[in-house]
Amino acid sequence: MSKYELMFILDPAKVEGNGEAFDATIQAYLKELGAEVTRVKFFEKRTFARPIGRHKAGLYWDYVAELPATAPAAVQDKYRLNETVLRIGIFHFEDGQDDEVFTPRDANILGEESFQDEFENENYRFRGPRKER
């Protein structure tokens with residue numbers, strides 16, 4: 001058994017709420033295939049950079065599971081023609097590869113000292129010092 005990451009993008013018009021009911025069916029099917037689901041994440045509704053057909057946004061669900069060798073093809077076959085699923089991505093997963101993605105960012109990345117408290121509008125117009133006439 002290998003570890004895989006499965007990304008589902010769902011059509012928000014075809015599911016109720018955030019797709020929790022559809023999530024339950026996906027997890028039940030994975031367990032039916034003999035998978036052990038180790039992580040489930042709902043990323044939220046996101047707007048696409050390029051539309052998928054006439055769809056401009058989708059609901060992102062991400063799973064990490066240990067699957068038998070034949071399971072990825074079975075998942076692709078089952079959800080390939082499902083109208084609720086806009087896209088499926090199945091990738092090999094290595095522990096620790098996305099630790100930076102799921103850890104919160106440092107709120108003070110730039111630091112307080114990098115911001116200017118005051119702006120002297122008289123000395124600077126747009127991008128440079130005031131030119132004497």
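Reckoned from all heavy atoms, side chains included, excluding hydrogens, waters and symmetry mates. Treat the numbers as computed from the prediction; the structure is a model and nothing was measured.
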Please find the pair of heavy atoms, one from [X] and one from [Y], that lie closest to each other, and give the distance.
X: Pro12; Y: Lys45; value: CG-CE, 3.9 Å
X: Ala65; Y: Ala35; value: CB-CB, 4.4 Å
X: Pro68; Y: Pro72; value: O-CD, 3.4 Å

Which residue is it: Leu30, Val37, Leu33? I am looking for the one with a side-chain contact (heavy atoms from CB on, under 4.5 Å) to Leu67.
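Of all the options given, the one that passes is Leu30.
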Assess the residue pair Phe93 and Arg39 against the criterion (side-chain contact (heavy atoms from CB on, under 4.5 Å)); give the C-alpha distance rounded to whole Å, side-chain angles, the decisive distance to 0.1 Å, and a yes or no.
CA-CA 12 Å; Phe93 183 81; Arg39 185 183 77 200; 4.3 Å; yes
Applying salt bridge (charged side-chain N to carboxylate O under 4.0 Å, His left out) as the test, list every pair that has at least one member in residues 14-26; sequence neighbours left out.
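For residues 14-26: Lys14-Glu83.
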Pairwise distance CG(Leu10) to NE2(His55) - rounded to 0.5 angstrom:
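The distance works out to 11.5 Å.
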Atom CG in Leu6, atom CD1 in Ile90: separation rounded to 0.5 Å?
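Between Leu6 CG and Ile90 CD1, I get 4.5 Å after rounding to 0.5 Å.
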Between Phe42 and Trp61, what is the ring plane arrangement, given parallel below 30°, perpendicular above 60°, and tilted in between?
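Judged by the thresholds at 30° and 60°, the geometry between Phe42 and Trp61 is tilted.
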Phe8 pairs by ring-ring contact (aromatic ring centres under 6.0 Å, His included) with which of Tyr63, Phe43, Phe22, Tyr29?
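Output: one option passes, namely Tyr63.
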Does any non-hydrogen side-chain atom of Tyr4 lie less than 4.5 Å from one of Val75?
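A side-chain contact is absent here, since even the closest heavy-atom pair is not under 4.5 Å.
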Side chain proximity check, Asp62 to Glu5, heavy atoms < 4.5 angstrom
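Asp62 vs Glu5: side chains touch.
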Test of understanding: clusters of I, L, V, M, F, W, Y form through side-chain heavy atoms closer than 4.5 Å, transitively. Do Val40 and Ile26 belong to the same one?
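Result: yes, single cluster for both.
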Tyr79 reachable from Met7 in the ILVMFWY side-chain graph, under 4.5 Å edges
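No, it is not one cluster - the side chains of Met7 and Tyr79 are not joined through contacts under 4.5 Å.
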For Lys3, enumerate each residue passing the salt bridge (charged side-chain N to carboxylate O under 4.0 Å, His left out) test, keeping only those at least two apart in sequence or located in another chain.
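For Lys3 the salt bridge (charged side-chain N to carboxylate O under 4.0 Å, His left out) partners, ignoring immediate neighbours, are Asp95.
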Are more than 12 heavy atoms, taken from residues, nucleotides or ligands other than Arg87, located less than 6.0 Å from that residue's CZ atom?
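Open.
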